[in-house]
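Labels below follow one simple rule: chain letters A, B, ... track the order of the sequence lines, proteins then strands, and each chain is numbered from 1. Predicted model, so just to flag it, every value in this text is computed and none were measured. What's counted below: heavy atoms across the whole structure, side chains too, no hydrogens, waters or symmetry copies.
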Amino acid sequence: MFLNAGNFISRGVSSPWPKALLATCQDVKSITQIHALLILTGVFSNGYSNGQLIASYARFGDVASARRVFDESPQRGVSTWNALIIAYSRSYSAAEVLNLYQQMIVEGIRPDSSTFTVSLKACANLQDLKKGEEILSQATDFGYKDDVFVGSSALNLYAKCGKMDEALRIFNGMPKKDLVSWTTMITGFSQIGRPVEAIDIYRKMRMEEIEGDSIVMVGLIQACANIGDLNLGLSAHGYMIRRDIPMDVVVETSLVDMYAKNGLLNLASCVFEKMSYRNVVSWSALISGFAQNGFARDALKLVVEMQSFGLKPDLVSLVSGLLACSQVGSLKFGKSIHGYILRRLEFDRVSGTAVIDMYSKCGSLSSARVLFNQVSSRDLISWNAMITSYGIHGCGEEALSLFMQMKETKLRPDHATFASLLSAFSHSGLVEEGRYWFDLMVREFDVQPSEKHYACIVDLLARAGRVEEAHELIESMIIEPGIAVWVALLAGCRNHGKLELGEKVAKKVLELKPDDAGIYALVSNVFAAANKWDKVAAVRKVMKQIGMKKVPGYSTVEVNGKLHAFLMEDRSHPQYEEIAAMLEKLDGEMRALGYVPKTEFVLHELDEEVKERMLCNHSERLAIAFGLLNTRPGTRLLITKNLRVCGDCHEATKFISKIVNREIIVRDVKRFHHFKDGVCSCHDYW
DNA sequence: GTAGGGTTAG
């Protein structure tokens, strides 16, 4: 090492030899040796290269040594100061950066472009706009107003503080822009949830014939992901391949996320598979893509799989896991994630809300409430989640009471709060409360009713049998009634035998061209209830023509932590014989207690006897029988159904809960039913 | 200057 130093000196290298030598260092030890050499040769006491020495220590994260060099330096020029400031910046000590900046000013050292850039970055990270603006004005005083580095740092400062309009003002006034300036704007708009403007600036950048690099593409891809602009996303991907822009883990992860968010899970998986290196973020992007597109099982599989690759799930990936548990009603998996977070991580607000949602959607309302009480800093979404929980469990009064408590905080209820609240009223039959708060929502809380609020209130009225009133409300709507409100009315018509109006509404719904098989099923059911079998056939034909498949009804039951799924008339199950025998036995006991099969729920033109047999084979009944057979007496059963529970099964489950003396909880696609001692928590109102 | 997470109608 010293020999090399000699070579540098004797050859009279014109570039400063300490710099060249320091650059060759691979560890702190060699830096220490050169440090000693600099002292020995007197270079150090001349103040020469001290900055480079500081920077070298900082390169290996040794801030303490960097500081020592600084403190021992006999002379400190701007480069010495900058070196130390950068050292602190690299170790994420933003406060110390600003501290040094201040000292530097006090000591009368003239800051340069680097000083301002690093200090402004510290303000951005601290989101300290006030300090940042102070530094900006000093930069102007020192003549760095039009410096492109200072300019971009200013953009970043405003972007990180959420002031994109101010950033845009500065951006437009910048005499010189570089790729970083453009990138900061694109990324800034993208991250603040203004993807349209992000894309707009990207287009302007390309019009000025500036080529993007991988970082700017990340911002663009993120914007595409959030706005759902798949065409642009695909072309961005293609652009990078064509121009051979190197793709690192960040770009590839953004691509996975963009495809996954837009439901192109095949493409997302494809990119994911080809990645040479994947981290927790890459896995999370894919997991959340599956979870958010309804592929809960795949999401959960990935949570397990990532661990076999040696990666530990973090809060973000686990929140997606919780979402998946909520969807399939897997209490066991959900609980294990809850435990994992308790043991190895720390809850934040988002994961706290996700756990609340998981417990409530997996049937455990009381656990959800316990956790809600434990969340220290609740935001609007936490409250909304808990109000929703009460709603789906049919606890309208509790939902209202929680809403009143929320009103006492400084949080303002939003459109989601009212959607949950109105839906809670609807499921509990609190019609007057619903009308009252719908009115107050507009008058006092300034929340304009949207389609979903109207759908709630129409549902509320129609469900309560006030079908005409619901119809009148639709006629009086300010906004054009969409398919959701008509569907809510239609369901009311069916449930309350208003078949004449029902037929009219059914036609209306068909005109609006639903894209949902469930809606076609409802329309067809209304025609079936009115014995219009020709129209039933016509609807089925339309569905066939547009290639829409009826979603088969299925139910799942969790037995010993494993989910078992049953389709209607599912004879394929290995335990089918036992299940059928159990159902037959129960059927006899139910009839003895007064059960009469409600064959009107079989929507085909068939013999009564055949209809009765079909009802017995509904998926929820198979799941219940399987659960009874495979769990110890007295165990609570949790059934999840992908459609609404049928009226006859609802009746039968009440009887079964009494006969077997068990609590049976059924989660259908909209809400929960808690069956116990022959009654249901919904009091037959749903 | 760069990536992933929670609530919401029928």
Calculate the interatomic distance between [X] atom [atom1] and [N] atom [atom2]; express it in whole Å.
| X | N | atom1 | atom2 | result |
| --- | --- | --- | --- | --- |
| A/Met205 | B/dG1 | CE | P | 17 Å |
| A/Leu422 | B/dT7 | CG | P | 19 Å |
| A/Leu322 | B/dT7 | CG | P | 10 Å |
| A/Ile201 | B/dG1 | CD1 | C1' | 13 Å |
| A/Phe189 | B/dG1 | CZ | P | 18 Å |
| A/Leu402 | B/dT7 | CG | P | 17 Å |
| A/Leu157 | B/dG1 | CG | P | 11 Å |
| A/Gln448 | B/dT8 | CD | P | 23 Å |

Just compare [options] and give me whichever is closest to any side-chain atom of [X].
| X | options | result |
| --- | --- | --- |
| A/Val319 | B/dG5, B/dA9, B/dT2 | B/dG5 |
| A/Lys121 | B/dG1, B/dG5, B/dT8 | B/dG1 |
| A/Leu323 | B/dA9, B/dT7, B/dT8 | B/dT7 |
| A/Asp314 | B/dT7, B/dG4, B/dG1 | B/dG4 |
| A/Ala488 | B/dG10, B/dA9, B/dG6 | B/dG10 |
| A/Ala354 | B/dT7, B/dG4, B/dG6 | B/dG6 |
| A/Thr187 | B/dG6, B/dT2, B/dG4 | B/dT2 |
| A/Gln222 | B/dA9, B/dG4, B/dG6 | B/dG4 |

Has the side chain of [X] got a donor or acceptor atom that lies under 3.5 Å from a matching backbone atom of [Y]?
| X | Y | answer |
| --- | --- | --- |
| A/Asn293 | A/Gly289 | yes |
| A/Ser190 | A/Ala223 | yes |
| A/Ser428 | A/Ala424 | yes |

Would you call [X] and [Y] a salt bridge, taking side-chain N to carboxylate O under 4.0 Å as the test?
| X | Y | result |
| --- | --- | --- |
| A/Lys274 | A/Glu252 | no |
| A/Arg466 | A/Glu469 | yes |
| A/Arg349 | A/Asp379 | yes |

[X] side-chain N/O to [N] phosphate OP1/OP2 under 4.0 Å:
| X | N | result |
| --- | --- | --- |
| A/Lys177 | B/dG1 | no |
| A/Lys261 | B/dG5 | yes |
| A/Asn156 | B/dG1 | yes |
| A/Gln292 | B/dG4 | no |
| A/Lys452 | B/dG10 | no |
| A/His453 | B/dG10 | no |

*Which ones in residues 244-254 of chain A lie close to DNA chain B, meaning a heavy atom under 4.0 Å from one of its atoms?*
A/Asp248, A/Val250, A/Thr253, A/Ser254
Using a 4.0 Å heavy-atom cut-off across all strands, classify [X] as base, sugar-phosphate, or nothing.
| X | result |
| --- | --- |
| A/Ser382 | base |
| A/His415 | base |
| A/Ile387 | nothing |
| A/Ser351 | base |
| A/Asn279 | base |
| A/Ile287 | nothing |
| A/Thr388 | sugar-phosphate |

*Does A/Thr184 get its side chain close enough to the base of B/dG1, under 3.5 Å, for a donor-acceptor pair?*
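Side chain to base: no pair present.
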*asked:* Regarding B/dG5, can its base be found pairing with the side chain of A/Asp348 as donor and acceptor, where the two atoms are less than 3.5 Å apart?
replied: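 Looking at the base of B/dG5, it does pair with a donor or acceptor on the side chain of A/Asp348 (distance under 3.5 Å).
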Tell me which donor-acceptor pairs under 3.5 Å the side chains of residues 275-282 of chain A have, and how far apart each pair is, sequence neighbours excluded?
unit_1: A/Arg278; atom_1: NE; unit_2: A/Phe272; atom_2: O; d: 2.8
unit_1: A/Arg278; atom_1: NH2; unit_2: A/Phe272; atom_2: O; d: 3.3
unit_1: A/Arg278; atom_1: NH2; unit_2: A/Glu273; atom_2: O; d: 3.0
unit_1: A/Asn279; atom_1: OD1; unit_2: A/Val281; atom_2: N; d: 3.0
unit_1: A/Asn279; atom_1: OD1; unit_2: A/Ser282; atom_2: N; d: 3.0
unit_1: A/Asn279; atom_1: OD1; unit_2: A/Ser282; atom_2: OG; d: 2.9
unit_1: A/Ser282; atom_1: OG; unit_2: A/Thr253; atom_2: OG1; d: 3.1
unit_1: A/Ser282; atom_1: OG; unit_2: A/Asn279; atom_2: N; d: 3.0
unit_1: A/Ser282; atom_1: OG; unit_2: A/Asn279; atom_2: O; d: 3.4

*Would you sort out whether A/Asn156 and A/Lys160 count as a side-chain hydrogen bond (donor to acceptor under 3.5 Å, both in side chains), showing the intermediate values?*
CA-CA 6 Å; A/Asn156 184 42; A/Lys160 290 276 159 36; 3.0 Å; yes
*Mind checking the CD1-OG spacing from A/Ile387 to A/Ser423? Nearest 0.5 Å is all I need.*
11.5 Å
*asked:* For the residue pair A/Arg378 and A/Phe372, would you count it as a cation-pi contact if the rule is NZ or CZ under 6.0 angstrom from the ring centre and within 45 degrees of the ring axis?
replied: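 That pair qualifies as a cation-pi contact.
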